[in-house]
Amino acid sequence: MPVMKDKELRIVGFLCNWCSYGGADTAGVARAEQPTDLRIIRVPCSGRVDPLFIVKALLSGADGVLVSGCHPRDCHYSSGNFYARRRLEVLKHFLPALGIDNARFEYTWVSASEGQRWQQVVTAFTRRIHTLGAAPGFEDAPLLMKTADMAPAPLRPLGTGKNAPLESLKQAIKEKLPDLACVIGWKQGYDDAHTTPLFAKKPEDVDELVWGPLNAANLAVYLPLFKGKKVGIVVKGCDSRSVVELLQENLVAREDVTIFALPCEGTLDMGRVNEKLGRYNVVGGIAHGATNITITTDGQEHDFSMAEYAQNKCRGCTEPEAVLSDVRMGDSPLVQGEAPVPQELALLDAMNLDERRSFWRTQMERCLRCYACRNACPMCVCRDYCISDSRDPHWMTQEAGVTQKLFFQTIHALHLAGRCTGCGECQRACPVGIPILGLRQHIARTVGELFDNYRAGIDPAAVPPLLGYEVEERNIREREWK
Ligand code: FES
């Protein structure tokens, strides 16, 4: 018999087989009165509960989701609930970024003998969901288009790398090249105004290497493809963090990679550059000043100052120098001040839950599901085994609906939790300019707040927080049930 008098809502419960499922059973045997809204899914351990189960349930129409496992230190598999606690806490902080009230999700611990506690938990959670009412959907949220403000003043002077010791770097690469399968860098692309990856295998290939604000792509994305081979890579400061993260996760071996670095003076936002260039037939040339570049198309000159046309991420960048390198040249510009809140994140912060739901509905209407964001991401390493492509289990349908697209973005964001180095390649690769970096930045901030200011890709010896746990977490407290 329902404890709640009004209509039942859809609440999904993931219960550990060894404790909470037994606790629910104990409550039933004792004939403890309980609400009947909960639909229980029995799992072998709370550690088996992927946060994506919860997001999928909420995006598919659940009004609330409850996860319950064994008390800390009582896990049947000794540590499954310790891992779960970190992941679920990060998810709890992340849901509002999507526009989902995180009161609709809770996790807790109930042992097999705690029938009374189970009754208390399920009654309190069901009452909470009834107070919130049926969950609002994304498909029918009103449309809301917002764009991030222009970036603040940069933390360091932005330039074009005109005086970087490129020739000395080429010489150093040529000296190391005989021991390497190739060196990854940038070369001129289909015209002077664009660059493309260079895979230098011969000394004459190295002569094609270019350096400057057109080198926007993060080449670390190619490193795992060379696993087991000795390879060199030229990096900007932000790219070096991705290399470090790959090292942290043993996706490349330190002895296999030689890192060449020059201090970065910023990269151009090619979306805005191309917008200003408009349609043209031929690039007549490109000239580098100290703080601006001039691109000539069809005989007309276009000037781009770095102060105005740099990527947003470059303004808040605190690592113009590589965090790890084997060959480093040039002087790094002095960084002054604290990194500001990134624009995409500030945009999310300024909205309430309803606005965020409308915002993401509007953005996802534009998403093409081209997966360019995933393919450009240096930390998306599953390649052909990405779960968003999987038919078994079938995580996502082929529908072009808003919730499927948002679910895909959530998969990407949550798989980067504690791993995203903020390089922004996902957003840069997006052909329709969806500010998806904000979701990654939101999680990165949460991870920093929960785990001692952790930042991905800084320390090669550090264990990413979601790959570890502490028995007594300093910043995660169990919530009380009343
Ligand atoms: Fe119950 Fe791990 S076995 S939480």
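Order of listing sets the numbers, starting from 1, for every ligand and every atom in it.
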For the residue pair Trp109 and Tyr107, does the interplanar ring angle fall in the parallel (under 30°), tilted (30 to 60°) or perpendicular (over 60°) class?
perpendicular

Side chains of residues 453-465: which donor-acceptor partners sit under 3.5 Å, not counting sequence neighbours?
{"from": "Tyr454", "atom 1": "OH", "to": "Gln248", "atom 2": "NE2", "distance (Å)": "3.0"}
{"from": "Arg455", "atom 1": "NH1", "to": "Glu319", "atom 2": "OE2", "distance (Å)": "2.8"}
{"from": "Arg455", "atom 1": "NH2", "to": "Glu319", "atom 2": "OE1", "distance (Å)": "3.2"}
{"from": "Arg455", "atom 1": "NH2", "to": "Glu319", "atom 2": "OE2", "distance (Å)": "3.4"}
{"from": "Asp459", "atom 1": "OD1", "to": "Ala461", "atom 2": "N", "distance (Å)": "2.9"}

Using the salt bridge (charged side-chain N to carboxylate O under 4.0 Å, His left out) rule, take Arg128 and Asp63 through it: C-alpha gap first, then chi angles, then the decisive distance, then the call.
CA-CA 11 Å; Arg128 183 201 292 179; Asp63 301 305; over 6 Å; no

I need the protein N, O or S atoms closer than 2.8 Å to atom 2 (Fe) of ligand 1, given as residue plus atom name.
Cys45 SG, Cys75 SG

Looking at Lys236 and Ala216, what are the two nearest heavy atoms and their distance?
NZ-O, 3.3 Å

SB check Arg440 Glu425 (cutoff 4.0 Å):
no

Parallel, tilted or perpendicular: which one describes the rings of Tyr77 and Trp18, with boundaries at 30° and 60°?
perpendicular

